[in-house]
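Single-structure report; data block below.
Atom set for the values below is all heavy atoms of this structure, side chains included, hydrogens, waters and symmetry mates excluded. In what follows, chains are A, B, ... by sequence order, proteins preceding strands, each numbered from 1.
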Amino acid sequence: MLEAILLTVATAATPLLLAAIGELVVERSGVLNLGVEGMMLIGAVTGFGVALSTGSPWLGALAAIIAGSAFSLLFGFLTLTLVTNQVATGLALTLLGIGLSGQIGEAFVGMPGVRMGAISIPGLSSLPYVGKLFFGQDPLFYVSIALTAATAWFLFRTRAGLTLRAVGDSHGSAHALGIKVIGIRYLAVMFGGGCAGLAGAYLSLAYTPQWVENMTAGRGWIALALVVFASWRPWRVLAGAYLFGAITILQLHIQAISLNELGFLPAPLFWIAELVKSVPSQFLSSLPYLATVVVLVLISRNRRLTMMNTPASLGRPFVPDR
Amino acid sequence: MTKVFGSLVANDRVDLSIAKGEIHALLGENGAGKSTFVKMLFGSLEPNAGTIRWKGEAQAITSPSMARQLGIGMVFQHFSLFEALTAAENIALALDRSTPIAQIAESARKLSRDYGLPLDPHSLVGDLSVGERQRIEIIRCLLQKPELIILDEPTSVLTPQEADKLFETLERLRDEGKSILYISHRLEEVKRLCDRATVLRHGKVVDHCNPRDETAASLARMMVGEEVQAVSRPDHAGGDGEALLDIRGLSRPAATPFSVPLRNIDLSVRAGQVIGIAGVAGNGQGEFFEAVSGEVRQPEAGAVRIRGTDAGQLSISARRKLGAGFVPEERLGHGAAPGLPLSQNLLLSRHATDSRTYLGPLGTVRYGALTAGARRIVQEMDVRKSGEDPEAAALSGGNLQKFIIGRELDRRPAVMVVNQPTWGVDAGAAARIRQSLIELARSGSAVLVISQDLDELFEMSDAIAVMHNGTLSSPVPIAEATYESVGLLMGGAEPGHKATAHAEGL
């Protein structure tokens, strides 16, 4: 039972992690893209459609990355080249993504999808307790962990990552040094779009292989919040995503279980269970949001560290003077 | 070289040549076109016309990285360091891609030792003082092995002692055969340091000269184009007036990791007196001004007393009603709303104190009275503007500052607190502003001036106090103060002032 719960936690956390890591890179470059939800939906519907017509979930995931990237390019063109307001443009991107994906996906509603199967390594995957958890999940789970590690390494250990952080800290200084601010931001925005697209495809290919209109159900917004509360640090984003996933799954189990099944518990534990069950379900549903915010606020209470990691140019328009 | 911004000709056929092993001064008032010129030289602005010859060959310098490749290095006045990164990372960003960061830290450490510019490559820039930040800029520039080094107003942020140290470094670089283009509007240091000078006024070259053959007054005349009236400070009887502004035990914790906490500040400003507060930028002057003006209120009501009333917990408007006037450092966005016409900007600081004059019943605005008031201030302070009632942002920095100061003076405030009264203001307007503040004090008000410009403070003040790392020294009467003694205080040399205080923040 515990193993099954942990597995579902990973599937709940992976799409959040994928989208949040992408947005983290975007925001580290100084751009605020509020269109994550829209880009995820575009990725989800494209991934679903391509997988359906080709039969290959891999091609579907690839197409979702390309579609998310291309969609974010629209945002990049508007905010970076035409210097529109980033907040308004991001919101518009989300609204456009909801509408567009609904339109494209109309034909897919109710159709059975193509599932991206879990991997299986002979011997390892059948190990008791840890086998399925570490060696038997869907491939995108491993991609998301690798992406987190790669992003952390890129940002803090490579020169290109240093340049990206510099652009996010002060675009004026970066420009004065001859760094191509706009070009770097375009690349970051497209990376973020690709990640959001993949996160969407995870939902429509691995989480529940089907297309439902607006199936991201606010996960894009959670991803955005995670980035901020994790003070723009990749491993904290991972911690936040898993915390959120864990509490989501846990409260679902609490809501589903009936007290009769818990009769075997010793009295004090049973009373606690009784107390928990008496909490209104609406409150339980809001628990993941509440707990994630509380925990991430607590770990980022070191204001100095937070200021250090906050991209100082975030959301500010940049027009080079030539 | 020619550069046009819209209808403004920022540089009009500017000619200049620099020899090997020469320190060449580029002199001019704020807005004369000095920064525009060097930005073109460094490839960050594109000239509309003109050619650059580098070692005899015509070059189109299209980017800063190309300028660096040619051997041109630049030490910026501001806006080129990244606060959230370490010194070594800041240096690495400007260097060749192939050098590993660890190696950069080592060579930066070595170079800083060689030139006597101590620097810890792993410290965060946000924690460093302005002088230390400039060292990073200089070392970053030197690591690129430039043959021409451009310095944009390098001493505007340094104590006199730090500036001396910089001059030694520059003289040593010249002796090594490097060329230096030195941009400044401080005449004494140009006379001391530079071999030749080019003077700019309104984007045009006025003259080339040898600054050592000129006097400060003749150089000033070239820069401004007319005689600059000297400020006169009539004698003041001294400390017998009533203390109109009284600050007792003012402390304030740091609001952000990069701001300075204020520690137990005591100061009295008496009727008839001008007190100057000197200090290197970023030692708590901004935080101090906020606490005195009421932008940030104090928990202790008695920390700030205005005309005998405890004002620590009062708002800006309430403090104004007690007879105080405040002029903040930032003109646009803080001192004035950029998009509003002058008349409405007048209302913004006077609505509480002069509500009978400028507001009708139910708080309606009396535009006629406002326009008349604005016109009176414009005449009084000789504000030059285009149009009857232009937007604040349409005025030049100096003229807007004259208006903002005039707006407060128009009320004859009993207590006047001004932060950087003439920053970025041309010499003529600066003299006028200083004179009017002295006259206000002599008519019986208490005037407190915070400034980074020591010349200005010596010209205006009856006594100078120095702010260093959030503490304030006791005021030194002007007769006893020297540049050297004030400079030492600015560097933190007084019991109770810790020279190593920056380490505490880590």
Within 6.0 angstrom of A:Trp235 CH2, more than 12 heavy atoms from elsewhere: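 Buried by this count: over 12 neighbours within 6.0 Å.
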Other residues, nucleotides, ligands: >12 heavy atoms within 6.0 Å of A:Tyr242 OH: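 More than 12 within 6.0 Å, yes.
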Separation of B:Leu93 CG from A:Thr163 OG1 (nearest 0.5 Å):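 A:Thr163 OG1 to B:Leu93 CG: 5.5 Å, rounded to 0.5 Å.
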A:Ser173 OG to B:Phe82 CZ distance, which is reported to the nearest 0.5 Å: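 The CZ atom of B:Phe82 is 5.0 Å from OG of A:Ser173, to the nearest 0.5 Å.
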Contacting region of A:Ala312 [heavy-atom separation from chain B under 4.5 Å]: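 No part of A:Ala312 comes within 4.5 Å of chain B.
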Beyond-backbone contact of B:Arg140 with A:Leu177, side-chain heavy atoms, under 4.5 angstrom: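 A side-chain contact under 4.5 Å exists here.
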A:Asp169 side chain vs B:Leu85 backbone, donor-acceptor pair below 3.5 Å: no
Sidechain-backbone polar pair: A:Arg159 side chain, B:Ala92 backbone, donor-acceptor under 3.5 Å: yes
Minimum heavy-atom distance B:Pro64-A:His175, with the two atoms named: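 Heavy-atom minimum between the residues: CG-O, 4.3 Å.
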